[in-house]
Structure formats: structure tokens, C-alpha cells
There are 2 protein chains.
Amino acid sequence: MSDADLQLLLQYFKALADETRLRIVGLLAGREHSVEEIAASLGLRTPTVSHHLQRLKDLDLVEMRRDGTTHYYSLRLGELLRMNRELMTAEKVRSLASMEGGEAWERKVLRDFFSGEELKEIPASRKKRLVVLRWLADRFEYGRRYPEAKVNEIISRHHPDFATLRRELIGNALMQRENGVYWRVPDTANA
Amino acid sequence: MSDADLQLLLQYFKALADETRLRIVGLLAGREHSVEEIAASLGLRTPTVSHHLQRLKDLDLVEMRRDGTTHYYSLRLGELLRMNRELMTAEKVRSLASMEGGEAWERKVLRDFFSGEELKEIPASRKKRLVVLRWLADRFEYGRRYPEAKVNEIISRHHPDFATLRRELIGNALMQRENGVYWRVPDTANA
DNA sequence: TATCTACATAGACATACATCTAAGTAGATG
DNA sequence: CATCTACTTAGATGTATGTCTATGTAGATA
């Protein structure tokens, strides 16, 4: 599975896909700078600069040296060039697709959003939310009829906002309702 | 001046700093795909995919082949690897900082006086007003001739007092006028 | 201890942009 | 010509994130 590769590439590109951070990298390439120096050079406030330095540090692209209360940051140019060289190769690019085809990706979504049986958060993107909803729908047996209270209780085992999730299950045609009674519907979108 | 380098780098990183686009790149690395195929693979709508393909095409990272009404997209892997290799070198990184000093202040002025594309207020000081006027002049293409009505309309997008601003553009020799026709003039003060 | 300095962290806010629906376009088909 | 298909374009909407102010913290200084 190439998911780790993809996420690392994504982190790398996101870290550098910002004009301010590129300028900071440029400044640090010349010599080490304190946070205040950077802020003055770029016309920004120090918290803003701290924030960007943190993001660069997350990828080990910069390192910090303390001197009193002053923090001097410098660029790890070798690390930057190494990542750039090793992350983007013909092989890596081709491997980005090796996970497509659905199933591996869906398991990843479930891993990301569940902690055990508990849904940590309702995914914002339609695509990922549908994966979670299919999983939820699978908590219901085919052919069985559930009163609304029972539906709420089952969903509540996994997430407190049962009302939203119940509505989404209906909206995405994973379950049907009539006179306050619910039942599971075969998932045609999966075919 | 390294600004062109910085902007190109920025475009490149922004283009790839998105999970969907990385997945598309991965898919196209294997073989050409139609828009519908990509949309189906990723669980997205076709307009979304078109949008991403357009962004990749802007950087010549993909190319398109028509067959009837179907558009087949494929990856220009060589171009991708070339950009990655040539954009991020020790030299280029160091050059990112070569422009600091004056320009930071100008960006600050623009930040202070603009709210998005809207000029909140015409700066009173000559120096700051000139920064704003240069920005306004950049809304006009070199070599193109604009009737006065068009000039007014373009300026109006950013501030209601187009008459004053249009006069200032002429007065500061950022644009020229003859027989009611306007055109952009190279900014000599920038050299 | 009290204060000051240089940063970091938290939270608010605004902008950029990924995605969607709706509408438009151009080639294929009857 | 009318219709269908595959795609693109336009406009709306929600989320992610860059920047800010306010506040917290750790080392220096008196």
C-alpha cells in the first residue's frame, strides 16, 4: 500500500505551497535568523512566523538553536534537497495509484475516523462520509424493521449525533423509512 | 530578481499540494484516463475532476487527447520530474531571499490598504499611493489599448473613485492616454 | 521576587480553494 | 434538425488555513 508515500508527499508539498514559508526558507538558506528578524523582513507578526516555523520543523526542514530567550532557526538544506529528490521519482509517482480501486482506500477512511467502534468525527467530505455511512448501515440487518428509537440507540453506540446520521442514512438511500419504521436497503452504489 | 522563480515554485507546489490531484497524477502515470474514469475511481463529480485537470494542465503536467466527445488525459511524467529537479536546487533556494528588503514594505502597504481586491482607502502619502497605483496598473495588460470606459470599469472593481485614480495613473506615468485611448506603460521607477 | 524580553500557544477571523449543482458547448447519432 | 453524451464553465457553498490579537511561558536582569 502506498498510502504512507502519498501522505508524506502531500505533507511535503503542503509545507512548501505557501509564499511566506518559501520566503522563510530563502532567508534561512543564507544564514540563521531569529523569529523577530524573519518577522521584520517579511512584514509579519512574530506569532505568524512561529506558526510557519513550526510547520517547517514538523518535516525537519529547519532546526532551532536557543541563545537566552532568542531562538535562532536555520535551514536543513540537505534534508530539503533529499526529500525533494527521493519523494518524487518515477517509481513513487506510479505507486500513487496502486491503492485505487476502492477497498483499501475505504479501510483507510474507517481507520482514520474510527477509534474502535466509536466514530470520532463525521467526515466533512461527501466521499468519506459515504464510507462511514455504509459502515453504519451495516450495523442493521437486512429484512428487519427497526422503530426510530432503536435506530437512534444503535447509532448512538458509535456517535452522539444520531439525528444527523439517521437523516444521512435516509438521504443516501442506505436505509428507508415509512411511518416511523426503518429498514436497511441494499447498497446499489457499490456495484 | 528572483520573484519569477519564487512564483513558479509556488505554483508548482500548490499544484501538487492536494490529495485529489496527487491521486490523479498517480492514475495517469499508469495509463491515460477519461474524465469520467477518474471521477469514478476517486468518487468525485466530473466537474471537480475537470477543475483539477485544468490546474495540472496549466503547468503542462498533463496533456489531453480527444476522441469524439471523450477527453483522454495522460501524465507528462518527464515534465513533472524535470520541474521537480530543476526548480528545487541549492542555488534556487538561496535565491529566494535575494529580493527581501524593499518589497516586504510594499506588500505591507498593500495589505494595509486592500481588503481582498477592494481598495479600502487611497493612501495619503505619495510613497504609499504609488505602491497602490503600481498595483492598479498591473491590472492592465501591456500592449493592449483600453477605451476610457473600460479603464473606468476595471478601476471600479477596486475603488469607486475611478476618476481620481485614472488621473493619478496618468500623472505618475504608469499609463498613457491619447484621443481617449489608454495603454499601460513600462514602470521605469522599478529598475 | 519582580520585571522584561523573545517566543509559543490559543482562539478569532478572513481569505483561498475544493467540491458541488446548474447551465452551456461540441461532437456523435438517429 | 433534434437528441444524446462527455466534458467544460459559472456560480454557490463549505472547509482549510494564513494571519492576527490576546495570553501564557521560560530565561535574563535588577
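Here is how names work: the chains are called A, B, and so on, in the same order as the sequence lines, proteins then strands, and each is numbered from 1. Because the structure is a prediction, the values reported are computed rather than measured. Hydrogens, waters and symmetry mates are skipped; everything else that's a heavy atom, side chains included, is used.
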Subject >> Side-chain H-bond candidate by donor/acceptor type, R65(B) with Y72(B), under 3.5 Å >> reply: no
**OP:** Have a look at R126(A) and say if it touches a base, only the backbone sugar-phosphate, or nothing, with a 4.0 Å heavy-atom cut-off.
**Re:** sugar-phosphate
Original post:
Which part of the nucleic acid, if any, lies within reach of S125(A) when heavy atoms closer than 4.0 Å are counted: base, sugar-phosphate only, or nothing?
Top reply: nothing
Original post:
When you check the phosphate oxygens OP1 and OP2 of dA16(D), does a side-chain N or O of K14(A) lie under 4.0 Å from one of them?
Top reply: no
Original post:
Closer than 4.0 Å, any side-chain N/O of R45(A) to the OP1 or OP2 of dT21(D)?
Top reply: yes
Subject >> Nucleotide dT8(D), atom P - distance to CG of L56(B) in whole Å >> reply: 12 Å
Original post:
Where the side chain of T48(B) is defined as all heavy atoms beyond and including C-beta, which of dC7(D), dC20(C), dT17(D) is the nearest nucleotide?
Top reply: dC20(C)
Original post:
What nucleotide, of dA18(C), dT9(D), dT19(C), holds the atom closest to the side chain of R21(B)?
Top reply: dA18(C)
Original post:
Nearest-Å distance, CG (D18(B)) to C1' (dC17(C))?
Top reply: 9 Å
**OP:** Can you tell me the distance, in whole Å, between the CG atom of L16(A) and the C1' atom of dT17(D)?
**Re:** 16 Å
Subject >> Separation of atom NZ in K57(A) from atom C1' in dT9(C), rounded to whole Å >> reply: 14 Å
Original post:
What residue among L169(A), I122(A), D138(A) forms side-chain contact (heavy atoms from CB on, under 4.5 Å) with L133(A)?
Top reply: L169(A)
Subject >> Among Q176(B), R145(B), K150(B), E148(B), side-chain contact (heavy atoms from CB on, under 4.5 Å) partner for Y182(B) >> reply: E148(B)
Original post:
Which nucleotide sits closest to the side chain of T69(B): dA6(D), dC7(D), dA6(C)?
Top reply: dA6(D)
**OP:** Check every strand shown and say whether Y73(B) touches a base, only sugar-phosphate, or nothing at a heavy-atom separation below 4.0 Å.
**Re:** sugar-phosphate
**OP:** Give one of base, sugar-phosphate or nothing for T70(A), where a contact means two heavy atoms less than 4.0 Å apart.
**Re:** sugar-phosphate
Subject >> Nearest listed nucleotide, side chain of L44(A), among dA18(C), dA8(C), dT19(D) >> reply: dT19(D)
Original post:
Rounded to the nearest Å, what distance is computed from the CD atom of residue Q54(A) to the C1' atom of nucleotide dT17(D)?
Top reply: 15 Å
Original post:
Considering only side-chain heavy atoms of V35(B), which listed nucleotide, dA8(C), dC7(D), dT17(D), is closest?
Top reply: dC7(D)
Original post:
Between dA26(C) atom P and D67(B) atom CG, what is the distance in whole Å?
Top reply: 18 Å
Subject >> Distance in angstrom units between E32(A) CD and dC7(C) C1', rounded >> reply: 16 Å
Original post:
Within the structure, does a side-chain N or O atom of H51(A) lie under 4.0 Å from either OP1 or OP2 of dT17(D)?
Top reply: no
**OP:** May I ask you to decide if the ring planes of Y12(A) and F13(B) are parallel, tilted or perpendicular, using 30° and 60° as cut-offs?
**Re:** perpendicular
Subject >> Shortest side-chain distance from S34(A), nucleotide among dT19(D), dT15(D), dC7(C) >> reply: dC7(C)
Original post:
Distance check: side-chain N/O of T46(A) vs OP1/OP2 of dC7(C), anything under 4.0 Å?
Top reply: no
Original post:
Rounded to the nearest 0.5 Å, what separation is found between the CG atom of L174(A) and the CH2 atom of W135(A)?
Top reply: 13.5 Å
Subject >> Closest listed nucleotide, where the reference is the side chain of P47(A) and the choices are dT21(D), dC17(C), dT19(C) >> reply: dT21(D)
Original post:
Whole-Å distance between dT19(C) P and L130(A) CG?
Top reply: 15 Å
Subject >> Note: E79(A)-R82(A) ion pair, threshold 4.0 Å (strictly below) >> reply: yes
Subject >> Per S50(A) side chain, nearest of listed nucleotides dT9(D), dT9(C), dT19(C) >> reply: dT9(C)
